[in-house]
Number of protein chains: 2
Amino acid sequence: MNMNNDISKENILAIKDAIELLGGKWKFCILYNLQKYHTMRFKDLQEMSVGITPKVLSKQLQELEDNLLITRTVNATKPVTVSYEPTKYAEEVIPVIDALLSFGSKHRKKIKEKYS
Amino acid sequence: MNMNNDISKENILAIKDAIELLGGKWKFCILYNLQKYHTMRFKDLQEMSVGITPKVLSKQLQELEDNLLITRTVNATKPVTVSYEPTKYAEEVIPVIDALLSFGSKHRKKIKEKYS
DNA sequence: ATAGTCACTTTCTTAAAGGTAATCGATAGT
DNA sequence: ACTATCGATTACCTTTAAGAAAGTGACTAT
């Protein structure tokens, strides 16, 4: 069983990179919501991501911004609000979200069958 | 910003389930290799997944088996070997792997640009 | 008898992710 | 003055994932 070809190694690295960036408990949910509603304030995201705390949400958003997937905009509203939206580049993750969503739905059914 | 529709909530749960099952440092690599070579022994997988320890590999494989994504077969060889292969059902994760691989490759380039 | 292979398992330790709760600073309303 | 909102930040703590190192048991080869 040889893996002495660079393509395979590169592929593994690409998968690892992607999952390092997008993995974890919240990133996909945040991106899913941002793709769905396009613009969301901090508060909105907090309410949508049931169970997330401001500290964790803040960290996730910073990481997504660092990776060029979302933009952060401070609005001149009465109490200052901050808007987040997906970048053009974030469109590249839509296929991943879709595939994950599709598999996740099928898997929920599959596991239900297993225990019935 | 309302999320008072069940479809959205279901979708979020589906994504969460999928990432809970497939997330982590190794599962996608293991599945990628199994899809590529179809049958692999424990030793092969350990060599392919550079850096993994037997304990961790063993745990990942058990979880994948519990989730009906791979099968485990003990072979009657001189020193006993064990073969793992993806189930028919595991074909459902191929689109996720492909999407992740595609995004990961693009992202590696993107981040290279950012720091150059 | 000794050493090696394979597929694990066990124990211990560390690092990272995530959660709780309180607080901050700016602003506005009562 | 007091309270509330928004978007955080801080300190602290718990949980989980992962890694290191060694050992086990069945077997084979020398």
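Worth knowing before you read on, the calculation uses all heavy atoms, side chains too, and leaves out hydrogens, waters and symmetry mates. Not measured: the values here are computed from a predicted model. Lettering follows sequence order; numbering is per chain, from 1.
Ion pairing of A:R72 with A:E85 is absent here, as no side-chain N (NZ or NE/NH1/NH2) approaches a carboxylate O to less than 4.0 Å. Salt-bridge formation is detected for the pair A:K43/A:E47: a Lys NZ or Arg NE/NH1/NH2 atom is positioned less than 4.0 Å from an Asp or Glu carboxylate oxygen.
As rounded to whole Å, 14 Å separates atom C1' of D:dA17 from atom NZ of A:K16. The nearest whole Å value for the distance from the CD1 atom in B:I52 to the P atom in D:dA17 is 14 Å. Atom CG of B:L57 is separated from atom P of D:dA17 by 16 Å (rounded to the nearest Å). Spacing between atom CD1 of A:I19 and atom C1' of D:dA17 amounts to 14 Å, rounded to whole angstrom units.
Contact annotation for B:G51: no contact, since no heavy-atom pair falls under 4.0 Å across all strands.
Close to D:dA17, at under 4.0 Å from its OP1 or OP2, lies no side-chain N or O of B:Q60. The shortest distance between the side-chain N/O atoms of A:K78 and the OP1/OP2 oxygens of C:dG29 is not below 4.0 Å.
The only option from B:N33, B:V93, B:I97 that meets the side-chain contact (heavy atoms from CB on, under 4.5 Å) definition with B:F28 turns out to be B:I97.
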> Between B:L64 and B:L34, is a side chain to side chain contact (heavy atoms under 4.5 Å, CB included) present by the stated rule, with each step listed?
Replying inline: CA-CA 12 Å; B:L64 290 173; B:L34 282 177; 5.6 Å; no
> Can you list the steps and then say if B:E63 with B:K27 is a salt bridge (Lys or Arg N to Asp or Glu O under 4.0 Å)?
Replying inline: CA-CA 9 Å; B:E63 287 172 18; B:K27 296 244 177 66; 2.7 Å; yes
N/O contacts under 3.5 Å, protein versus nucleotides 5-11 of chain D?
{"from": "D:dC6", "atom 1": "OP2", "to": "A:K43", "atom 2": "NZ", "distance (Å)": "2.8"}
{"from": "D:dC6", "atom 1": "O3'", "to": "A:V80", "atom 2": "O", "distance (Å)": "3.4"}
{"from": "D:dG7", "atom 1": "OP1", "to": "A:V82", "atom 2": "N", "distance (Å)": "3.0"}
{"from": "D:dG7", "atom 1": "OP2", "to": "A:K43", "atom 2": "N", "distance (Å)": "2.8"}
{"from": "D:dA8", "atom 1": "OP1", "to": "A:R72", "atom 2": "NH1", "distance (Å)": "2.3"}
{"from": "D:dA8", "atom 1": "OP2", "to": "A:R72", "atom 2": "NH1", "distance (Å)": "3.4"}
{"from": "D:dA8", "atom 1": "OP2", "to": "A:Y84", "atom 2": "OH", "distance (Å)": "2.3"}
{"from": "D:dT9", "atom 1": "OP2", "to": "A:S58", "atom 2": "OG", "distance (Å)": "2.9"}
{"from": "D:dT9", "atom 1": "OP2", "to": "A:Q62", "atom 2": "NE2", "distance (Å)": "3.2"}

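The ring pair (Phe, Tyr, Trp, His ring centres under 6.0 Å) contacts involving residues 82-104 of chain B comprise A:H107-B:Y89, B:F103-B:H107, where partners must be two or more places apart or lie in separate chains.
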